[in-house]
Amino acid sequence: QDIFRASDGVHRTWLKIRMRHLSLLKKISILTNPLHWTVRFFDWFIFTRHAYKKIIAPSEFIKKDIMDNYGVAEKDIHVVYNGVDLERFNPENKKHYRMPIRKEFGYNEDDYLLLYVGTGFERKGLRCAIEALSRLPKETKLLVIGKGRLGFYRKLAEKHKVLSRIKFLGPVDGVEKYYAASDVLVLPTLYEPMANVILEALATGIPVITSRDCGNAEIITEGKDGWIINNPADSKEIATKIANAMRIVRNPEICLSARKKASEFTLERMIQNMMKVIFL
């Protein structure tokens with residue numbers, strides 16, 4: 001290819017992070033899986049053999065990751081942040097969907113509703129979100145949207161005695177309705193180049209909680225439009241950040257700050273920046 005867009009980040013880094021959280025048997029499974037060796041080979045070949053004219057990274061986080069792992073020159077990597085549809089994801093949605101969605105699932109206005117959106121539950125930290133929920137007051141609830149090993153995570157929720165406080169919805173249509181019904185997006189991801197769901201939440205006017213190993217962390221202003229977790233495997237830290245958020249999350253200023261941040265990441269801006277790279 002002439003332009004390589006590193007939207008999935010560096011596979012070597014993800015495997016290093018993943019191995020920290022696996023049993024010995026699963027580590028052996030990863031090490032012997034030809035898929036992982038193949039993806040790592042492609043990364044190595046593209047970056048070390050200069051099999052590109054330009055590289056686009058979705059965040060400074062991934063740009064640095066590529067440089068650190070493969071010694072790619074900084075001048076070869078251009079950061080182009082993802083964009084979000086500001087019309088579809090809008091604070092006005094709260095007027096239409098907040099209470100209808102809450103009533104549908106038996107929640108009232110006093111419940112604090114956390115939202116998790118993502119496919120790839122292991123990488124995106126659903127386990128830690130569930131464990132953190134067990135440390136929070138019973139009026140804190142969690143909606144889980146996405147595809148994954150639902151049976152495993154239901155059992156985990158049951159183990160931590162929070163299954164009754166979680167709704168596993170699977171993939172859904174009209175995800176904007178669920179942002180509008182929620183108070184905070186929680187994404188304690190282990191490794192994330194740049195999450196569209198974080199931009200969608202901010203555009204809806206709800207703050208986010210994510211980890212430092214997420215490209216979006218570099219755009220978050222702590223305590224204004226989100227909170228950053230240093231260790232996404234630490235459920236106590238996640239619970240503390242959620243508790244901090246809950247104290248101020250319904251302040252209109254938080255909604256305004258989140259929306260203002262999202263407005264910096266329009267689809268139009270993304271396209272313009274992409275075009276600049278292509279025709280540079």
Side-chain angles (χ1 to χ4, degrees), residues 8-10 13-22 58-62 64-65 68 81-82 112-137 140-146 148 153 156-157 160 162 165-166 179 182-202 204-251 254 257-258 261-262 265:
D8 288 331
V10 176
T13 300
W14 161 229
L15 289 182
K16 284 180 182 177
I17 293 170
R18 191 179 184 190
M19 295 288 268
R20 296 176 200 155
H21 306 280
L22 296 177
S59 60
E60 294 288 344
F61 169 63
I62 293 302
K64 184 177 185 302
D65 198 14
D68 290 347
Y81 290 111
N82 296 349
Y112 285 102
L113 187 54
L114 310 177
L115 180 66
Y116 172 100
V117 183
T119 292
F121 291 162
E122 178 189 357
R123 179 168 64 86
K124 298 190 178 183
L126 180 55
R127 171 194 284 274
C128 299
I130 290 172
E131 291 173 352
L133 184 66
S134 69
R135 298 175 176 272
L136 294 163
T140 311
K141 311 294 173 63
L142 174 65
L143 281 180
V144 177
I145 293 174
Y153 289 97
L156 180 68
H160 288 283
V162 292
R165 293 160 57 191
I166 303 176
Y179 288 111
S182 305
D183 292 302
V184 180
L185 178 79
V186 179
L187 193 75
T189 183
L190 301 178
Y191 183 72
E192 182 68 51
M194 186 73 176
N196 285 328
V197 298
I198 288 180
L199 296 180
E200 291 166 0
L202 293 172
T204 308
I206 68 170
V208 301
I209 294 174
T210 193
S211 73
R212 200 157 298 284
D213 291 320
C214 176
N216 303 75
E218 64 200 50
I219 70 168
I220 296 299
T221 303
E222 182 87 14
K224 295 285 188 181
D225 46 48
W227 288 263
I228 306 301
I229 305 155
N230 290 308
N231 180 6
D234 186 345
S235 62
K236 184 176 180 181
E237 183 187 3
I238 298 168
T240 299
K241 295 287 186 179
I242 294 172
N244 290 342
M246 290 307 180
R247 294 189 187 100
I248 60 173
V249 74
R250 294 183 180 175
N251 184 327
I254 295 293
S257 294
K261 180 61 63 70
F265 299 92

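Below, each value reflects all heavy atoms present in this structure, side chains not excepted, and no hydrogens, waters or symmetry copies.
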Asks: Before you tell me yes or no, could you show the steps for I130 and I166 under side chain to side chain contact (heavy atoms under 4.5 Å, CB included), namely the whole-Å CA-CA distance, both residues' side-chain angles and the distance that decides it to 0.1 Å?
Replies: CA-CA 9 Å; I130 290 172; I166 303 176; 4.0 Å; yes
Asks: Is the side chain of N82 donor-acceptor paired with the backbone N or O of N196 at a distance under 3.5 Å, no angle test?
Replies: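 Between the backbone of N196 and the side chain of N82 there is no qualifying donor-acceptor contact (under 3.5 Å).
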Asks: Which pair of non-hydrogen atoms, one from V162 and one from S134, has the smallest distance, and what is that distance?
Replies: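 For V162 and S134, the tightest heavy-atom pair comes out as CG1-CA, 3.6 Å.
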Asks: Report the distance from atom CG of L190 to atom SG of C214, rounding to the nearest 0.5 Å.
Replies: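 With rounding to 0.5 Å, CG (L190) is 11.0 Å from SG (C214).
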Asks: Return the set of residues passing side-chain hydrogen bond (donor to acceptor under 3.5 Å, both in side chains) with N251 (not counting sequence neighbours), or none when no residue passes.
Replies: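 If we apply the side-chain hydrogen bond (donor to acceptor under 3.5 Å, both in side chains) test to N251, skipping adjacent residues, there are no hits.
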Asks: Can you give me the closest heavy-atom contact between C128 and A233, atom names plus distance?
Replies: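 Closest pair (atom of C128, atom of A233, distance): SG-CA, 3.6 Å.
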Asks: So, using side-chain contact (heavy atoms from CB on, under 4.5 Å) as the criterion, who are the partners of D234 when residues are at least two apart?
Replies: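 If we apply the side-chain contact (heavy atoms from CB on, under 4.5 Å) test to D234, skipping adjacent residues, the hits are N231, K236, E237.
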Asks: Taking side chain as C-beta onward, heavy atoms only, is L187 less than 4.5 Å from V197?
Replies: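 Yes - at least one pair of side-chain heavy atoms lies under 4.5 Å apart.
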Asks: So do R123 and E192 actually touch side chain to side chain, heavy atoms under 4.5 Å?
Replies: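 Counting from C-beta outward, E192 and R123 do come under 4.5 Å.
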Asks: Just to verify, what does T13 make a side-chain hydrogen bond (donor to acceptor under 3.5 Å, both in side chains) with, not counting sequence neighbours?
Replies: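 Expected list: D65, N69.
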Asks: Taking the side chain as everything from C-beta on, heavy atoms only, tell me whether V117 gets closer than 4.5 Å to Y179.
Replies: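 A side-chain contact exists here, since the closest heavy-atom pair is under 4.5 Å.
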Asks: What are the two closest heavy atoms between A217 and S211, and how far apart are they?
Replies: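 Shortest heavy-atom separation between A217 and S211 comes out as CB-O, 3.5 Å.
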Asks: Backbone N or O of I228 within a donor-acceptor pair of the E222 side chain at under 3.5 Å?
Replies: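 A pair under 3.5 Å: yes.
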Asks: Should V144 and F121 be marked as a side chain to side chain contact (heavy atoms under 4.5 Å, CB included) after you check the CA-CA gap, both sets of side-chain angles, and the distance that decides it?
Replies: CA-CA 10 Å; V144 177; F121 291 162; 4.1 Å; yes
Asks: Can you tell me how far apart OG1 (T210) and CD1 (I219) are? Round to the nearest 0.5 Å.
Replies: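 Here the interatomic distance stands at 10.0 Å.
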Asks: Are K16 and V10 close enough that some pair of their side-chain heavy atoms sits under 4.5 Å apart?
Replies: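 The answer is no; the side chains never approach within 4.5 Å.
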Asks: Hey, what's the ring geometry for W14 with Y191, parallel, tilted or perpendicular (30° and 60° as the breaks)?
Replies: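 Parallel: the ring planes of W14 and Y191 meet at under 30°.
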Asks: Rounded to the nearest 0.5 Å, how far does CG of L199 lie from CE of M194?
Replies: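 One finds 4.5 Å between CE of M194 and CG of L199.
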Asks: Taking all non-hydrogen atoms of both residues into account, name the closest pair between A262 and L202 and its distance.
Replies: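 Shortest heavy-atom separation between A262 and L202 comes out as CB-C, 3.7 Å.
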Asks: Check whether T140 reaches the backbone of Y112 with its side chain - one donor and one acceptor, N or O, closer than 3.5 Å.
Replies: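 Side chain of T140 to backbone of Y112, a donor-acceptor pair under 3.5 Å: no, none is there.
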Asks: Go through the structure and list residues passing side-chain contact (heavy atoms from CB on, under 4.5 Å) with K224, not counting sequence neighbours.
Replies: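 Counting only residues at least two positions away or on another chain, K224 forms a side-chain contact (heavy atoms from CB on, under 4.5 Å) with T221.
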Asks: Once you round to the nearest 0.5 Å, how far does CG of L22 lie from CD1 of I17?
Replies: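 Going from CG on L22 over to CD1 on I17, the span is 12.0 Å.
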Asks: Answer yes or no: does atom CG of N244 have more than 12 heavy-atom neighbours from other residues, nucleotides or ligands under 6.0 Å?
Replies: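 Counting neighbours around CG of N244, more than 12 heavy atoms of other residues, nucleotides or ligands fall under 6.0 Å, so yes.
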Asks: Got M246 and L114 here, is their nearest side-chain heavy-atom distance under 4.5 Å?
Replies: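 Yes, at least one pair of side-chain atoms sits under 4.5 Å.
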Asks: Between P193 and P58, is any pair of side-chain heavy atoms under 4.5 Å apart?
Replies: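 Sidechains of P58 and P193: in contact.
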Asks: If you define the side chain from C-beta out and look only at heavy atoms, does anything of R127 sit under 4.5 Å from Y153?
Replies: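 Sidechains of Y153 and R127: in contact.
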Asks: Measuring from L115:CG to I206:CD1, what's the distance to the nearest 0.5 Å?
Replies: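 These two atoms lie 6.0 Å from each other.
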Asks: Please name the pair of heavy atoms, one in A239 and one in L136, separated by the smallest distance, quoted to 0.1 Å.
Replies: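 Minimum heavy-atom contact is O-CD2, 3.5 Å.
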Asks: Hey, is the main chain of D213 close enough, under 3.5 Å, to the side chain of T189 for a donor-acceptor pair?
Replies: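 Not at all, since once roles are kept as given, no pair shorter than 3.5 Å links the two residues.
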Asks: Tell me, with the steps shown, if K241 and V184 meet side chain to side chain contact (heavy atoms under 4.5 Å, CB included).
Replies: CA-CA 11 Å; K241 295 287 186 179; V184 180; over 6 Å; no
Asks: Kindly write out the residues that satisfy side-chain contact (heavy atoms from CB on, under 4.5 Å) with E218, not counting sequence neighbours, or none if the list is empty.
Replies: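 side-chain contact (heavy atoms from CB on, under 4.5 Å) check on E218 returns S59, E60, F61, Y81.
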Asks: Under the criterion side chain to side chain contact (heavy atoms under 4.5 Å, CB included), I'd like the reasoning laid out for I229 against R212: C-alpha separation, chi angles, the key distance, then a yes or no.
Replies: CA-CA 6 Å; I229 305 155; R212 200 157 298 284; over 6 Å; no
Asks: Of all heavy-atom pairs between P207 and D183, which one has the smallest distance, and what is that distance?
Replies: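 Minimum heavy-atom contact is CD-O, 3.4 Å.
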Asks: For the atom pair NZ (K141) and CG (L133), what is the distance rounded to the nearest 0.5 Å?
Replies: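 Going from the NZ atom of K141 to the CG atom of L133 covers 9.5 Å.
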Asks: Backbone N or O of I220 within a donor-acceptor pair of the D225 side chain at under 3.5 Å?
Replies: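 Answer holds: no.
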Asks: Applying side-chain contact (heavy atoms from CB on, under 4.5 Å), name anything that partners I248, two or more places apart in sequence or on another chain.
Replies: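 Counting only residues at least two positions away or on another chain, I248 forms a side-chain contact (heavy atoms from CB on, under 4.5 Å) with W227, I254.
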